[in-house]
Amino acid sequence: MADSELTPEEQAAANRALARRQRKQEEEEEQMIRESGGDENVTVCIRVRPFNRRELELQKQSGETYIRSVIEMPEGMGGKVVCLEKNGENYSVVEEFGYTKSFWSISEDQQPYPFAPVTQEDVFEAVGIPVLKYAFAGFHNCVFAYGQTGSGKTHTMMGDFNANGGSLEGVPGIIPQLCKELFERIERRLEHPEKDIVRTIDVKLSAIEIYNEQVRDLFYRSTPGRTKNTVMKVRKHPTEGAFVDQLAVLNPKSWVECLKLIEAGVSERTVAATLMNSESSRSHSVFQITLTQKESIHIRSDDPNDRFSKPVTNTRVSRINLVDLAGSERVKKSGAQGQNLKEAATINQSLSTLKKVIDALVTNSREPNPKKHIIIPFRESMLTMLLSHSLGGNSKTTMIACVSPHHDNQEETLLTLRYANRAKGIVNHTKINEDDAAKKAL
Ligand code: ADP
Ligand code: MG
């Protein structure tokens with residue numbers, strides 16, 4: 001029977017049954033996921049964007065009859081990426097790579113290809129859903145988008161979306177889809193608890209921008225006296241690592257509220273961009289979601305007179321860092337002067353430190369003797385200091401490297417692919433973050 005033929009009561013019952021089934025499946029998956037962890041490599045995916053208007057225009061002007069992507073993904077999402085080079089009218093293979101996933105975006109009318117473009121929903125399914133599964137199981141997560149300016153980083157992380165009216169519209173990226181699914185999963189958990197377990201789940205949200213090696217609070221408006229330009233201090237916690245001191249931490253109660261806050265944070269970033277040309281491509285942004293799950297388990301006593309058994313509480317805390325990096329292209333020194341030069345240097349500082357950190361981590365992971373390990377230069381930039389846990393630490397981390405399909409950008413594209421290839425060698429040491437008092441007491 002089609003859904004439209006159901007009475008409202010039947011429809012509600014069907015929805016409840018579906019939620020129960022989904023919840024059951026999530027519970028089973030969580031059991032499996034909780035046994036994972038330990039040493040694991042950073043997950044690396046590549047996404048090629050469609051040709052943009054400028055590139056299509058260039059091709060028209062050149063009089064060439066067809067446009068061809070210098071990136072090929074011969075296995076669809078399977079992870080194989082081939083980089084081509086254009087010599088005159090001919091294209092030849094320069095290098096082949098293998099990643100965890102590869103996302104093709106070019107439509108049939110731009111270039112005929114055996115694989116359909118991968119949608120924002122497909123990318124979320126491949127990258128965002130695992131993040132949520134791991135977060136509920138108690139693991140920390142990080143997703144970061146890397147690539148030259150205009151390669152699709154913001155499209156991938158944020159996208160264009162509209163959360164008004166209670167539905168998620170437009171072409172939402174990983175962050176908005178993740179928020180929606182996060183709150184839907186929370187609701188299912190709270191509505192379908194296991195026997196004898198009382199659960200509370202709390203979501204916290206913070207957002208920063210790193211610009212010129214200074215950290216700014218994108219939610220500055222919620223703190224009296226703080227402005228867009230207030231420079232936040234980064235301090236070091238003895239076990240938790242570097243953190244932004246006194247950062248505004250918000251407590252959204254629904255996905256719509258969460259997305260309104262994120263939109264507000266993003267607009268602080270974009271407003272800044274109009275003040276100085278292309279500022280947004282020179283800043284890094286980090287949205288952090290902290291998921292705290294408390295489970296109280298009533299342990300019943302054998303004594304029939306002991307009617308007030310004490311609950312024991314288990315707390316699981318997981319963080320999700322969602323990072324949109326500044327453009328990775330090398331700033332041409334000749335063109336940069338004054339303020340621009342300072343920016344160029346500091347952008348290079350954060351991104352070049354990121355490169356150094358990745359290189360050092362890969363070198364260490366190949367060296368079995370810990371005494372021979374080199375020091376990782378996390379402290380040389382704000383970005384790497386704040387992400388030190390996500391790189392080589394206790395976090396499930398995914399890098400999405402974004403590239404242009406056009407031969408004009410082939411050099412940058414190849415550098416991005418090689419860099420992403422190197423990042424595959426980073427080994428993280430993941431564990432479930434919980435204080436498992438209740439489990440121990442059982
Ligand atoms: P970046 O953040 O890397 O500088 P953007 O995400 O802003 O780049 O992308 C530049 C332009 O290309 C935007 O207009 C964006 O909507 C478009 N774009 C990027 N990736 C895709 C994609 N996979 N599909 C469709 N449009 C895309
Ligand atoms: Mg961007």
Side-chain angles (χ1 to χ4, degrees), residues 40-52 55 67-86 91-131 141-159 171-175 177-178 322-325 327-328 358 362 396-426:
E40 53 191 86
N41 288 77
V42 165
T43 302
V44 181
C45 307
I46 307 293
R47 189 180 202 188
V48 60
R49 67 155 166 75
F51 290 101
N52 63 26
E55 291 164 346
I67 191 162
R68 181 171 170 183
S69 167
V70 292
I71 290 295
E72 290 188 343
M73 298 180 167
E75 294 172 358
M77 286 192 18
K80 185 166 176 185
V81 175
V82 180
C83 186
L84 310 175
E85 189 175 47
K86 182 174 190 287
Y91 289 79
S92 53
V93 173
V94 188
E95 213 164 317
E96 294 187 10
F97 303 88
Y99 304 96
T100 304
K101 286 260 165 30
S102 42
F103 303 126
W104 179 256
S105 313
I106 304 173
S107 66
E108 186 76 8
D109 57 326
Q110 288 191 345
Q111 175 174 332
Y113 204 63
F115 299 101
V118 165
T119 63
Q120 292 283 67
E121 288 74 19
D122 298 330
V123 172
F124 176 66
E125 190 65 36
V127 176
I129 290 283
V131 166
N141 290 266
C142 175
V143 181
F144 68 98
Y146 178 89
Q148 75 179 116
T149 301
S151 61
K153 297 181 296 296
T154 303
H155 180 78
T156 296
M157 296 308 294
M158 209 56 87
V171 276
I174 291 173
I175 295 177
Q177 292 186 78
L178 188 135
L322 300 157
V323 188
D324 187 359
L325 291 178
S328 65
I358 290 177
V362 173
K396 304 243 180 198
T397 296
T398 302
M399 170 187 197
I400 306 177
C402 299
V403 292
S404 152
H406 199 261
H407 56 77
D408 226 30
N409 292 317
Q410 195 265 2
E411 213 180 309
E412 283 295 336
T413 295
L414 188 56
L415 284 177
T416 300
L417 294 176
R418 286 185 179 148
Y419 185 48
N421 200 45
R422 192 142 174 81
K424 291 189 315 198
I426 301 176

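Below, each value reflects all heavy atoms present in this structure, side chains not excepted, and no hydrogens, waters or symmetry copies.
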For this session: Please tell me if the side chains of M158 and L322 come closer than 4.5 Å, counting only heavy atoms from C-beta onward.
Result: no

For this session: Indicate yes or no: at least one non-hydrogen side-chain atom of N409 is less than 4.5 angstrom from one of E55.
Result: yes

For this session: Ignoring hydrogens and angles, tell me if any N or O in the side chain of K424 forms a donor-acceptor pair with the backbone of G98 under 3.5 Å.
Result: yes

For this session: Could you point out which residue of T156, T154, I46 forms a side chain to side chain contact (heavy atoms under 4.5 Å, CB included) with C402?
Result: T156

Exercise. From I174 CD1 over to E125 CD, what is the distance, rounded to the nearest 0.5 angstrom?
Worked result: 12.0 Å

Problem set entry | Heavy-atom pair of closest approach, residues V70 and S404 | CG2-O, 4.5 Å

Exercise. How about Y99 and M73: do any of their side-chain heavy atoms sit closer than 4.5 Å?
Worked result: no

Exercise. Parallel, tilted or perpendicular: which describes the rings of F51 and H406, with under 30° parallel and over 60° perpendicular?
Worked result: perpendicular

Exercise. Could you state the interatomic distance from NZ (K153) to CZ (F144), rounded to the nearest 0.5 Å?
Worked result: 12.5 Å

For this session: Give the C-alpha distance, both sets of side-chain angles, the deciding distance and a yes or no for side-chain contact (heavy atoms from CB on, under 4.5 Å) between I71 and L417.
Result: CA-CA 10 Å; I71 290 295; L417 294 176; 3.7 Å; yes

For this session: Rounded to the nearest 0.5 Å, what's the gap from CG on N421 to CD on E96? Could you check?
Result: 12.0 Å

For this session: Could you check M399 against I426 for side-chain contact (heavy atoms from CB on, under 4.5 Å), going step by step and ending with a plain yes or no?
Result: CA-CA 11 Å; M399 170 187 197; I426 301 176; over 6 Å; no

Seminar exercise, completed: In terms of heavy-atom contacts, L325 and V323 come closest through CD2-CG1, 3.7 Å

Problem set entry | Check: S151/E412 side-chain N/O donor and acceptor closer than 3.5 Å | no

For this session: Can you measure from CD (E121) to CD1 (I129) and round to the nearest 0.5 angstrom?
Result: 11.5 Å

Exercise. Should S102 and K80 count as side-chain neighbours, where that means a heavy-atom distance under 4.5 Å?
Worked result: no

Problem set entry | Non-hydrogen side-chain atoms of Y113 and S69 separated by less than 4.5 Å | no

Seminar exercise, completed: What one should report as the nearest heavy-atom pair of P405 and I106 is CB-CD1, 3.6 Å

For this session: Identify the heavy atoms of S328 and Q148 that sit nearest to each other, and give their distance.
Result: OG-N, 3.2 Å

Exercise. Between CD of Q177 and CD of Q120, what distance do you get to the nearest 0.5 Å?
Worked result: 6.5 Å

For this session: Decide yes or no for D122 and F103: does some side-chain heavy atom of the first lie under 4.5 Å from some side-chain heavy atom of the second?
Result: no

For this session: Compare all side-chain heavy atoms of F97 with those of V44 and state whether any distance is below 4.5 angstrom.
Result: no

For this session: Compare all side-chain heavy atoms of F115 with those of M77 and state whether any distance is below 4.5 angstrom.
Result: no

Problem set entry | Point-to-point distance, once rounded to the nearest 0.5 Å, from CG of L415 to CD of Q410 | 9.0 Å

